[in-house]
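Written below as structure tokens is the structure these notes are about.
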Amino acid sequence: MIIKTVKCPKCKTHLKINGNPGETILLSCPKCYARGKYTFPGEKAEIKSISADNAIEVRNLTKMFNGFKALDNVTFNVKKGEILGFVGPNGAGKTTTIKLLTNLLTPTSGHAYINEIDVNKTPTKALISVGSLIEVPGVYDYLTPHEMLTYFGKIHKLDKNEINQKIKEVLKVVKLSEWEYKKIGSFSTGMQKRLAIAKSILHNPKILIIDEPVIGLDPKGMKDIRNMIKQFKTEGITVFLSSHLLREVRDTCDRVIFLDDGKIVTQGSIDEIMNRITIDTIEVEFLNQLSEDDIKKIKSISEINNLETENGIFKIKFDGKPETSYKILKKLTKQGLKVISYSTQKADLEDFYVSIMKDERGVV
Amino acid sequence: MNLLNYIPALDDFKNMYLSVRFELLKHLRRKRVIITLALAILIPLIFLTVPPALGQDYADTANDFVASNLAFISLLIILSGAIFTGDAISGEFEKKTGLLLFPTPQRKSSIFMGKYVAAVISTWLIVSIYYLVTILEISSIYGASGITIELAQSFLLALLYSTSVVSIVFFFSSIMKKAITSTLIGFFLLMMILPIITTVFTVAEVDPWFIVTHDGDLITNVLGAGNGGGFGPGHGFNLTTFEPELWSGIGVMSAYTIILFLIGIVFANRRRME
């Protein structure tokens with residue numbers, strides 16, 4: 001959706017209008033009632049501005065489901081070789097975005113490009129270099145991993161020897177080597193998920209679009225997948241990682257986009273985001289139990305934003321600057337309080353997430 | 001609408017071929033082929049073994065024998081068509097296997113056409129085995145002279161009827177959410193609903209030439225012999241006063257095949273994994 005301000009040629013009144021690229025709308029000036037037409041800049045102009053540096057480019061993507069706006073005019077890009085975290089609570093629009101990027105859904109308006117190709121117009125070309133893992137896909141439980149992966153290898157035009165070799169490789173990566181010829185029906189959910197991951201990397205994709213990859217995995221499996229994603233980075237693979245597990249995003253991604261209610265709330269590199277977190281905590285323990293007066297004295301320290309107590313530990317919120325931390329410690333000791341432990345706790349992505357989202361739905 | 005998007009390329013045919021092979025493998029692994037094959041062999045064997053066991057003679061002519069042997073062919077065609085086609089499309093959406101299958105560099109129509117062709121091949125295989133066993137029985141009872149041109153015509157009509165049955169179930173599979181629903185609706189429509197409608201038309205003295213199950217009677221009618229009753233279209237009811245015409249029957253079966261296949265493909269292509 002494009003929003004424009006146009007001027008009435010007759011009375012010069014400014015009108016705010018919106019429409020899709022290439023769309024022509026009829027206008028009527030509310031002041032002088034002059035009528036006219038306006039055509040929004042077309043697709044050609046837009047396509048020209050798509051950057052070859054971007055593996056994924058999303059422009060003004062909107063998706064409506066029976067009047068409900070699941071995705072609202074979302075625009076972002078993923079640079080080649082970058083790992084982008086797509087974060088948001090359940091129902092934020094993450095999976096909808098992924099389904100639009102893989103042509104499982106058609107956008108109501110806007111475009112999704114992969115390697116400069118419109119996914120929804122020419123999916124067969126756009127998806128050649130893409131590996132995808134979406135939700136928890138079903139598996140053909142009456143087949144073996146070898147049979148299933150052989151089919152997908154052929155779809156990606158690998159030859160027979162290559163397929164057999166790659167199957168062994170990817171099953172080793174996801175730790176399913178011993179299960180190559182066993183019926184998938186006997187697999188646990190975690191194993192099925194790992195098999196789906198194996199399918200997504202079978203053809204050496206240049207772009208990986210993965211949706212909640214560690215859900216359903218045990219802690220060891222989660223760690224393996226995180227390491228695998230980091231490994232992709234070293235191999236120059238672009239990864240679009242949708243997740244609501246913030247630790248996973250912080251540990252693996254270069255950049256993060258926060259999505260809520262179908263809209264991008266904010267985005268930036270992990271470092272930028274972490275630098276934006278200005279409220280940190282100092283955890284302090286005292287030798288003796290503090291009196292009401294002592295607590296009042298602490299609260300009166302101007303550098304302290306907030307004070308909380310939990311199991312005898314005092315949590316002091318402050319601006320995060322080292323010099324402020326030093327000033328607070330100095331003032332505490334000056335007041336005769338016997339500090340036995342004083343440590344600064346850096347705020348995490350979770351704190352940032354909670355601070356920018358409307359509520360704390362589905363954050364782990 | 002870009003018409004170029006609808007012109008198939010060589011790759012589309014290759015992907016369709018891969019889809020056919022993958023579907024056949026799935027049918028085989030799910031033992032569907034084996035179960036229906038067993039029926040295709042066992043049912044004609046009953047007609048070979050039961051009469052002598054009851055001390056009865058076989059029919060006087062080979063065509064009469066075949067007609068009674070084929071009493072169950074419609075049931076087997078409908079059963080095979082429903083089993084092989086019912087979950088072709090709806091299954092991918094219901095079981096979410098489409099999340100693996102669709103985001104691949106191939107047209108969805110190649111995948112669906114491959115599924116359709118695999119269902120047709122599987123159903124044809126079952127029909128062919130049924131006829132093969134019947135032919136072996138005829139040869140052993142009546143000699144090679146028992147294999148008539150009418151039998152070949154019956155076989156070809158059975159293949160055409162099978163294809164129309166697959167198209168009908170394929171259509172339901174493209175619109176239904178659950179595989180079991182499309183399978184059962186397809187099965188009961190062909191086994192019960194259409195034959196009942198045929199009877200209603202017949203009682204009303206309206207020629208039901210346009211009902212595909214009525215035209216399926218050509219499979220036995222073409223043999224020019226009275227059949228031995230049984231199940232399936234045209235069987236079990238003695239009210240039939242209208243016999244399907246050969247060429248109009250072929251036309252109707254072909255029309256069902258083509259029209260429902262095309263509608264099925266269009267609906268399947270429009271379906272999205274929401």
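All of these numbers come straight from a predicted model, not from anything done at the bench. Computed over heavy atoms, backbone and side chain alike; hydrogens, waters and symmetry mates excluded. Each chain gets a letter, A, B and so on, in the order the sequences are listed, and its residues count up from 1.
Taking the charged nitrogens against the carboxylate oxygens, B/Asp87 and B/Arg32 do have a contact shorter than 4.0 Å, which makes a salt bridge. A salt bridge links A/Glu135 to A/Lys99: at least one charged side-chain nitrogen sits closer than 4.0 Å to a carboxylate oxygen.
Only the backbone of A/Val136 comes within less than 4.5 Å of a heavy atom of chain B; no side-chain atom from C-beta onward does. Proximity to chain A (any heavy atom under 4.5 Å) is shown, for B/Arg271, by neither the backbone nor the side chain. Heavy atoms closer than 4.5 Å to chain B are found nowhere in A/Thr144, neither backbone nor side chain. Heavy-atom distances place no part of B/Glu94 under 4.5 Å from chain A, backbone and side chain included. For B/Ser19, the parts lying near chain A are the backbone and the side chain together; criterion is any non-hydrogen pair under 4.5 Å. With a 4.5 angstrom heavy-atom cutoff, B/Lys26 touches chain A via backbone and side-chain atoms both. Only the side chain of A/His156 comes within less than 4.5 Å of a heavy atom in chain B; its backbone stays farther off. Contacts of A/Lys157 with chain B are made by side-chain atoms alone, with heavy-atom separations under 4.5 Å and no backbone atom involved.
The closest side-chain heavy-atom distance from A/Asp260 to A/Pro89 is below 4.5 Å. Side-chain contact between B/Phe112 and B/Phe267: absent, with no pair of heavy atoms (C-beta onward) separated by less than 4.5 Å.
The distance from atom NZ of B/Lys95 to atom CG of A/Asp141, rounded to the nearest 0.5 Å, is 7.0 Å.
For the set A/Ala70, A/Ser129, A/Gly138, the count of heavy-atom pairs under 4.5 angstrom toward chain B peaks at A/Gly138. Taking A/Thr150, A/Ile155, A/Thr95, A/Ile128 one by one and counting their heavy-atom pairs under 4.5 Å with chain B, the maximum is reached by A/Ile155. Of the listed residues (A/Thr96, A/Asn103, A/Val139), the greatest number of heavy-atom pairs within a distance under 4.5 Å of chain B belongs to A/Val139. In terms of non-hydrogen atom pairs under 4.5 Å with chain B, the most contact-rich of A/Leu101, A/Leu127, A/Thr102 is A/Leu127.
The main-chain N or O of B/Ala82 is never found under 3.5 Å from a side-chain atom of B/Thr85 such that the two would form a donor-acceptor pair.
Counting non-hydrogen atoms of neighbouring residues, nucleotides and ligands closer than 6.0 angstrom, the CZ atom of B/Arg30 exceeds 12 such neighbours.
Figure legend: B/Lys108 and B/Phe102 shown as a cation-pi pair, the cationic atom lying under 6.0 angstrom from the six-membered ring centre and within 45 degrees of its axis.
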